[in-house]
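Keep in mind that the numbers below use all heavy atoms, side chains included, and drop hydrogens, waters and symmetry copies.
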Amino acid sequence: MSSSSGQPQFRYTQTPSKVLHLRNLPWECTEEELIELGKPFGKIVNTKCNVGANRNQAFVEFADLNQAISMVSYYASSSEPAQVRGKTVYIQYSNRQEIVNNKVSGEVAGNVLLVTIEGVEAGDVSIDVIHLVFSAFGFVHKIATFEKAAGFQALIQYTDAATASEAKNALDGRSIPRYLLPEHVTSCYLRISFSAHTDLNIKFQSHRSRDYTNPYLPVNPSAIEGNLQPMVGPDGKIKEPESNVLLAAIENMQYAVTVDVLYTVFSAFGTVQKIAIFEKNGGTQALIQYPDVTTAAVAKEALEGHCIYDGGYCKLHLSYSRHTDLNVKAYSDKSRDYTISSTGILSNPQASSVPSASTGWQTNPQVAGTSVGSIGMQAPVPVGQAAAWDPSKTTFASPAGTFPGQPFVPSAGAPFPTSGGPPSAPAGYFQAPQQRPQYGVQPRPASGAPPYGQPPGYF
DNA sequence: AGCACA
């Protein structure tokens, strides 16, 4: 029955809805344009474009009813009509209270992108390359990569949906630049949709996932990076290749870090063959040699960013050295060679001449990009300071060799229990080892610290 | 210029 009387075809007094119905939109009006239009009035949580026979209608849904009311009210009394691309847009409340089943998942704009990288295997594109590519559009908060039936995929979290949309629009269907890819990769197309996620839960920094907002997130010890390709850093530079020798830059060195201390810390992961400590660029660095790359990699992953002492003291930044075999003095206050039979060392504890391990090392100044937080540790105790006190410490002007008879004990030379610690429990090694009571050493700054025997308040 | 499930 056609009713010309009765209900009006269109209601002019519509019940407000947080969903607005837009008409007379330009051809293929995008969601971004709708968001742009409605953004001044509130938060748009959903849209539906290209509605109607002419596909020139749309719905936008605000988070709050009052936001929709404010938009309708504004344009009801405005002399300037709402416009998209210069076309006047007519706005009214929708007769529904929410947009239902707006789009298939993947079309709803969100701040997290789901990126499928076609034509490659997981090992072909590093997370650093992904980070580099997607950082062009804004700060990338987090990345998680995984392999599914669809192929190699990555979730990339931006600050907001607008940034994610920009990246999606620019990169969807495009290929990662060839120079960022291994040579055998011929094509590498990105298929990008929106993820339903809003905040990724990254548990570890690893070769599969990153949280760039949380530098204190621990590195996953089991996530050793593959050695297939030279890794490209976030800045596009090639990372140093793996090595059995680690370069440790020691930051915030408030307490003395001696050969013995380093030996203890790094022995938790395997046999330490050689150690050399030296000054570089005003800071203290050390080279630690393991028998093999794997051990070094485990130690690097586990220790990077951790502090030898609680309170942020003596923070380690580890990278791979270019060295493979250190040429160090068997025993000095700055170096140790544990591969040499201990008997010979004992017989000649090197009483005279200034130790010179601080020179002659080509060192790699770059430190690993990821900085990770300290692990829980007890009060800063300058362990090892007594047994391996460094007399040539920068500001303390004591001539080398004048320190009386260091009770050096080789191999067991670390002044506290060493070795045998399972790599899975490096934390135990950061518990400040027991102090040697006979020395009565109290924690004190390494720089300018008096040797044992000096009273406190020496400065 | 006028309400969307497919």
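Taking a 4.0 Å limit (strictly below) on heavy-atom distances, residues 58-72 of chain A reaches DNA chain B at A/Phe59.
With sequence neighbours excluded, no residue forms a ring pair (Phe, Tyr, Trp, His ring centres under 6.0 Å) with A/Phe146.
Across the protein-nucleic acid pair, A/Ile99 atom CD1 and B/dC5 atom P stand 13 Å apart, rounded to whole Å. Protein atom CD of A/Gln97 is 13 Å distant from nucleotide atom C1' of B/dC3, rounded to whole Å. When the P atom of B/dA1 is taken as reference, atom CH2 of A/Trp27 falls 15 Å away, rounded to whole Å. Summarising the geometry, the separation between CG on A/Leu22 and P on B/dG2 is reported as 12 Å, rounded to the nearest angstrom. For A/Arg96 and B/dC5, the CZ to C1' distance is 8 Å, given to the nearest whole Å. Residue A/Lys48 contributes atom NZ, which lies 11 Å from atom P of B/dA6 at whole-angstrom precision. If you measure from atom CD of A/Glu98 to atom P of B/dA4, you get 16 Å, rounded to the nearest angstrom. Rounded to whole Å, the distance from CZ on A/Arg23 to P on B/dA1 is 9 Å.
Between A/Lys142 and A/Asp199, at least one side-chain nitrogen of the basic residue sits less than 4.0 Å from a carboxylate oxygen of the acidic one, meeting the salt-bridge criterion. Using a 4.0 Å cut-off between a side-chain N of Lys or Arg and a carboxylate O of Asp or Glu, A/Asp211 and A/Lys203 do not qualify as a salt bridge.
The minimum heavy-atom distance linking A/His323 with A/Asn244 is given by the pair O-OD1, 4.1 Å.
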Evaluate the criterion side chain to side chain donor-acceptor pair (under 3.5 Å) for residue pair A/Asp260 and A/Thr258; output intermediate values, then yes/no. CA-CA 5 Å; A/Asp260 290 325; A/Thr258 63; 4.8 Å; no
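Note on ring orientation: taking the six-membered ring where Trp is involved, the planes of A/Tyr255 and A/Tyr313 are perpendicular (angle over 60°, cut-offs 30° and 60°).
Contact between the side-chain N/O atoms of A/Gln57 and the OP1/OP2 oxygens of B/dG2 is found at a separation under 4.0 Å.
Annotation: of the two residues near DNA chain B, A/Tyr90 and A/Val19, the 5′-most nearest-nucleotide partner is A/Tyr90.
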